[in-house]
2 protein chains.
Amino acid sequence: MRYPAGHKQEKRQELLRVSGALIKANGFSATGVDTLTQGAGVTSGSFYSHFGSKTELLKALIDNELQISREMWAGNPHDTAEEWVNFELDRYLSLGHVNHPESGCVIPALGAEIARADTSVKDLYAQELHKGVVILAKRLGSESLAWAFICQLVGALVLARAMPTTKEKKAVIGASKQFLKHALQVQSTHGHTHPPS
Amino acid sequence: MRYPAGHKQEKRQELLRVSGALIKANGFSATGVDTLTQGAGVTSGSFYSHFGSKTELLKALIDNELQISREMWAGNPHDTAEEWVNFELDRYLSLGHVNHPESGCVIPALGAEIARADTSVKDLYAQELHKGVVILAKRLGSESLAWAFICQLVGALVLARAMPTTKEKKAVIGASKQFLKHALQVQSTHGHTHPPS
DNA sequence: GTCTATAGATGGATAGAC
DNA sequence: GTCTATCCATCTATAGAC
């Protein structure tokens with residue numbers, strides 16, 4: 001073959017990486033295949049040797065992005081539930097995350113578009129997202145609390161990103177952070193078994 | 001004139017109504033001007049006699065939609081803060097709202113796309129949204145709590161809509177509802193001044 | 001496997017008749 | 001004020017050369 005072994009897999013990963021950044025920043029339906037491939041240094045013809053359609057790319061993207069998010073959680077250095085959760089909370093509800101969707105969580109960036117995609121996309125999304133909920137539930141005490149936690153984070157990012165000024169962005173993520181830290185102390189298993197002082 | 005007085009305003013309102021439903025259901029960038037005008041029974045040429053551009057329509061839509069949301073709040077029949085809030089919570093976190101974005105709140109449907117729009121759109125959005133936060137703050141005790149409340153609702157709708165099954169949609173909105181009802185009892189002014197029993 | 005080239009449809013927006 | 005017709009760009013996807 002004219003290309004070294006593993007070249008296709010590398011190009012695929014490169015396409016996923018570049019496409020993920022462009023699509024999270026500019027939206028899935030608003031970003032064309034030409035734009036995506038130009039970012040990765042190939043042409044649209046090459047795109048279709050890696051993905052059967054633009055929708056197939058979206059599925060690969062969701063899979064990749066949610067896996068990356070779980071790996072970030074795995075790198076959390078804290079042990080106790082409270083410290084672990086507060087660390088993630090500060091990481092997610094940060095001005096850097098608000099200002100850089102291209103390197104951030106896929107859910108606030110593409111959640112609404114995933115909701116409009118076909119069933120196969122939503123099936124994959126729900127499956128991968130649930131893996132994260134299971135991990136989070138171990139820290140928070142229940143899957144119900146884990147879902148509510150994620151909803152709060154996602155909503156805060158969606159709202160904050162649509163604010164025109166830094167001051168307003170900070171007000172939104174600050175409000176969510178304060179609310180969550182207080183609520184989790186009360187509602188989480190940890191809060192019940194180890195109340196502060 | 002060949003058209004009765006007020007015809008233009010009526011057509012504009014009709015365009016706003018139809019476009020709002022189509023765009024909330026299918027996305028702003030994914031819905032073309034031809035589709036929007038066909039839904040209202042006119043052609044694309046007519047569109048540009050009402051709106052200078054598709055972006056101008058988005059602004060008119062945001063203004064209109066957030067006004068409608070505030071009017072819904074005004075129709076809430078309850079007086080006490082707890083009853084008033086629980087009523088809105090049940091209305092927002094319902095399966096009907098999840099399944100019918102075309103007639104629902106504009107924020108979970110278009111929040112991510114508003115975040116990508118130009119500054120004039122975000123300025124208007126923040127201004128109109130803040131009016132709602134002020135109203136909500138009177139019930140919850142602070143603007144900070146109002147922001148957190150809205151973030152939870154919006155995140156829940158975004159997440160629930162992307163779930164493939166009714167069971168999973170219910171799990172998401174149910175978790176958010178339970179979490180909010182508990183948290184607000186503790187954190188709101190009402191909860192502090194009128195603790196249950 | 002990637003390229004060029006292109007098909008066929010649709011995107012936003014405008015001109016001119018009525 | 002709305003219509004038809006159209007411009008030009010971009011869209012998703014494919015065909016065929018290398």
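Chain letters run A, B, ... following the sequence lines, proteins first, then strands; residues in each count from 1. Remember, it's a predicted structure, so these values are computed and weren't measured experimentally. In what follows, every heavy atom counts, from backbone to side chain, and hydrogens, waters and symmetry copies are set aside.
- As rounded to whole Å, 10 Å separates atom P of C/dA13 from atom CD of B/Glu56.
- Side-chain proximity of A/Lys54 to C/dA13, C/dA5, D/dT12: nearest is D/dT12.
- The interatomic distance linking B/Leu57 (CG) with C/dA13 (C1') rounds to 14 Å, in whole Å.
- Rounded to whole Å, the distance from CZ on B/Phe28 to P on C/dG11 is 13 Å.
- C/dG11 atom C1' lies 13 Å from atom CZ of B/Phe47, rounded to whole Å.
- Between A/Gln9 and A/Gln13, the side chains place no donor N or O within less than 3.5 Å of an acceptor N or O (distance only, hydrogens not considered).
- As judged by a 4.0 angstrom heavy-atom cut-off over every strand, B/Thr37 is placed among residues making no nucleic acid contact.
- Distance B/Gln38 CD to D/dT2 P: 16 Å, rounded to the nearest Å.
- The distance between atom CZ of A/Phe51 and atom P of D/dT14, rounded to the nearest whole Å, is 15 Å.
- Backbone-only engagement by A/Ser53 is indicated by non-hydrogen atom pairs under 4.0 Å involving sugar-phosphate atoms exclusively.
- Taking the charged nitrogens against the carboxylate oxygens, A/Glu65 and A/Lys24 do have a contact shorter than 4.0 Å, which makes a salt bridge.
- When the side-chain nitrogen and oxygen atoms of A/Thr43 are compared with OP1 and OP2 of C/dC3, one or more of them lie within a distance under 4.0 Å.
- Of the two residues near DNA chain D, A/Ala30 and A/Gly45, the one whose nearest nucleotide lies more 5' is A/Ala30.
- Here C/dT2 is the nucleotide among D/dT2, D/dC11, C/dT2 with the atom lying nearest to any side-chain atom of A/Lys11.
- Atom CD of residue B/Gln152 and atom CZ of residue A/Phe149 lie 11.0 Å apart, to the nearest 0.5 angstrom.
- Comparing C/dT14, D/dT12, D/dC3 against the side chain of A/Tyr48 picks out D/dT12 as the nearest.
- Rounded to whole Å, atom C1' of D/dT12 lies 15 Å from atom CG of A/Leu58.
- Distances shown here put every side-chain N or O of A/Ser46 at or beyond 4.0 Å from the OP1 or OP2 atom of C/dG1.
- Distances from the side chain of B/Asp34 to the nucleotides C/dG11, D/dT12, D/dT14 place C/dG11 closest.
- Contact annotation: B/Ser49 reaches the phosphate of D/dT2 (side-chain N/O to OP1 or OP2, under 4.0 Å).
- With salt bridges taken as basic N to acidic carboxylate O contacts below 4.0 Å, one links B/Glu88 and B/Arg91.
- Checked for salt-bridge contact, B/Lys59 and B/Glu56 meet the test: a charged N lies under 4.0 Å from a carboxylate O.
- Atom P of nucleotide C/dT14 and atom NE2 of B/His50 are separated by 16 Å, given to the nearest angstrom.
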